[in-house]
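The block underneath contains the structure these notes are about, expressed in structure tokens.
None of the values given here were measured: they were computed from a predicted structure. The figures here come from the full heavy-atom set of this structure, side chains too, leaving out hydrogens, waters and symmetry mates.
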Amino acid sequence: MLLAGFAADRASELLAAVSAVTQIAPFRHMVTPGGWPMSVAMTNCGIAGWVTDRSGYRYDSVDPQTSSPWPAMPTCFAALASAAAAAGGFLGFQPDACLINRYEPGARLSLHQDRNEGDFDQPIVSVSLGLPAIFLWGGRTRQDRVRRIPLLHGDVVVWGGPARLTYHGINPLKIGDHPLTSGVRYNLTFRKAL
Ligand code: MD3
Ligand code: FE
């Protein structure tokens, strides 16, 4: 379910929280199991964080760069995720992980499924901030036809039920200038990882 503009009135508070998190756990270009640095820069907050390196994809309770726990989930993050999930029909969603993605021009996410979480009955809530992007929404197999859906500043999407394991990605970000984020797009994805 797309909740257009759901987070728009809270965007500056969310972006201030992103800035606080990244002072403790800076954005970094993680390496895929195949050995290539991702074009999207990532960090996490919450009791678990999504990481990738040469040994694979997983959730880890510590930041491998500092060996310290990930920063706590900001209160405004948890409140937004839970309100959006409820609006999408998932009452009582309590995410334990938030992956924060930063897209600079050209950064992209190729078609994938999110399947490192423990319970696929739990939704994922995503929040888009800053520059717009074209979201690719496929089907249950990589071969299924892909729909192109613009995601704009403040949009929140709740991915649950039959949508939870669909293939998805993000087209290379176009150059732009946003009043709140300048030249970048941020995406917050809230998950119940454990
Ligand atoms: C559909 N992020 O972090 S958010 C990811 O904009 C990811 O940064 C994209 O895909 C981004 O894994 C897309 C939308 C999204 C997130 C998770 C999903 C869509 C999803 C999980 C299942 C189905
Ligand atoms: Fe994903």
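Remark: Arg191 engages Asp114 in a salt bridge, criterion side-chain N to carboxylate O under 4.0 Å.
Here the CG atom belonging to Leu80 is positioned 5.0 Å from the CZ atom belonging to Arg10, to the nearest 0.5 angstrom. Taking OG of Ser182 as the start and CG of Asp177 as the end, the distance is 6.0 Å to the nearest 0.5 Å. Atom CH2 of Trp137 and atom CG of Leu111 lie 13.0 Å apart (nearest 0.5 Å). Atom OG1 of Thr166 sits about 11.5 Å away from atom CG of Leu136, to the nearest 0.5 Å. How far CG of Leu129 is from CG of Leu151: 11.0 Å, rounded to the nearest 0.5 Å. Atoms OG and CG, on Ser126 and Asn101 in that order, are 10.0 Å from each other to the nearest 0.5 Å.
Not counting sequence neighbours, the partners of Glu104 by the salt bridge (Lys or Arg N to Asp or Glu O under 4.0 Å) test are Arg102. Applying the salt bridge (Lys or Arg N to Asp or Glu O under 4.0 Å) rule to Arg185 yields no partners; only residues at least two apart in sequence or on another chain are considered. With sequence neighbours excluded, the residues that form a side chain to side chain contact (heavy atoms under 4.5 Å, CB included) with Ala87 are Leu3, Phe6. Qualifying side chain to side chain contact (heavy atoms under 4.5 Å, CB included) partners for Ser19, counting only residues two or more places apart in sequence or in other chains: Gln23. Residues passing the side chain to side chain contact (heavy atoms under 4.5 Å, CB included) test with Pro172, sequence neighbours excluded: Arg108. The side chain to side chain contact (heavy atoms under 4.5 Å, CB included) check on Ser55 picks up Asp53, Arg58, with sequence neighbours excluded.
Pairs of residues two or more places apart, or lying in two chains, that qualify as side-chain hydrogen bond (donor to acceptor under 3.5 Å, both in side chains) and include a residue from residues 28-46 are Arg28-Asp63. Applying the ring pair (Phe, Tyr, Trp, His ring centres under 6.0 Å) test to every pair with at least one member in residues 81-123, sequence neighbours left out, gives these pairs: His112-His168. Residue pairs meeting the salt bridge (Lys or Arg N to Asp or Glu O under 4.0 Å) criterion with at least one member in residues 120-129: none, sequence neighbours excluded. For residues 150-171, the pairs satisfying salt bridge (Lys or Arg N to Asp or Glu O under 4.0 Å) are Glu117-Arg164, with sequence neighbours left out. Within the structure, the ring pair (Phe, Tyr, Trp, His ring centres under 6.0 Å) test picks out the following pairs touching residues 174-194 (sequence neighbours left out): Phe27-Tyr186, Phe77-Phe190, His153-His178.
Under a hydrophobic clustering in which Ile, Leu, Val, Met, Phe, Trp and Tyr are joined whenever their side-chain heavy atoms come within less than 4.5 Å, directly or via other members, Ile134 and Leu173 fall into different clusters. Note on Val18 and Met73: same hydrophobic cluster, where clusters join Ile, Leu, Val, Met, Phe, Trp and Tyr whose side-chain heavy atoms are under 4.5 Å apart, directly or indirectly. Met42 and Val51 fall within the same hydrophobic cluster, defined by Ile, Leu, Val, Met, Phe, Trp and Tyr side-chain heavy atoms under 4.5 Å apart, directly or through other members. Val156 and Ile124 fall into different hydrophobic clusters, where Ile, Leu, Val, Met, Phe, Trp and Tyr are joined by side-chain heavy atoms under 4.5 Å apart, directly or via other members. Under the 4.5 Å side-chain heavy-atom criterion for grouping Ile, Leu, Val, Met, Phe, Trp and Tyr, Val157 is connected to Ile170 within one hydrophobic cluster.
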Would you please test Val31 and Met38 for side chain to side chain contact (heavy atoms under 4.5 Å, CB included) and show each step? CA-CA 6 Å; Val31 173; Met38 298 183 72; over 6 Å; no
Verify side chain to side chain contact (heavy atoms under 4.5 Å, CB included) between Leu15 and Thr181, making sure each step is shown before the conclusion. CA-CA 8 Å; Leu15 287 164; Thr181 70; 3.8 Å; yes
Test log, rule side chain to side chain contact (heavy atoms under 4.5 Å, CB included), inputs Leu165 and Arg115: CA-CA 7 Å; Leu165 288 174; Arg115 45 186 319 151; 4.3 Å; yes
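Under a cut-off of 6.0 angstrom, the local environment of CE in Met1 is sparse, with at most 12 non-hydrogen atoms contributed by other residues, nucleotides or ligands.
Under the 3.5 Å distance criterion, the side-chain polar atoms of Asp96 are matched with a main-chain donor or acceptor of Leu194. Side chain of Thr22 to main chain of Ala25: no donor-acceptor pair is present (N/O by atom type, distance under 3.5 Å, no hydrogens or angles).
Listed here is the closest heavy atom pair of Val127 and Ala7: CG1-CB, 3.9 Å. Residues Arg140 and Tyr167 share a closest heavy-atom pair of O-CE1, 3.6 Å. Heavy atoms only, all atoms of each residue included: Pro123 and Val158 are closest at CB-CG1, 4.2 Å. For the pair Cys76 and Ala17, the tightest heavy-atom approach, listed with the atom from each and the gap, is SG-CB, 3.9 Å. Smallest separation of non-hydrogen atoms from Gly169 and Phe135: O-CD1, 3.4 Å. Pro132 approaches Leu152 most closely through the heavy-atom pair CB-CD2, 3.7 Å.
In this structure the side chain of Cys45 reaches within 4.5 angstrom of the side chain of Cys98, judged on heavy atoms.
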Name every donor-acceptor pair, under 3.5 Å, that has one atom in a side chain of residues 65-72 and the other anywhere in the protein, sequence neighbours excluded.
| residue | atom | partner | partner atom | Å |
| --- | --- | --- | --- | --- |
| Thr66 | OG1 | Ser68 | N | 3.2 |
| Trp70 | NE1 | Asp60 | O | 2.8 |
| Trp70 | NE1 | Val62 | O | 3.4 |

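Residue Asn116 is tested with Trp50, Tyr57, Tyr59 for a side-chain hydrogen bond (donor to acceptor under 3.5 Å, both in side chains); the sole match is Trp50.
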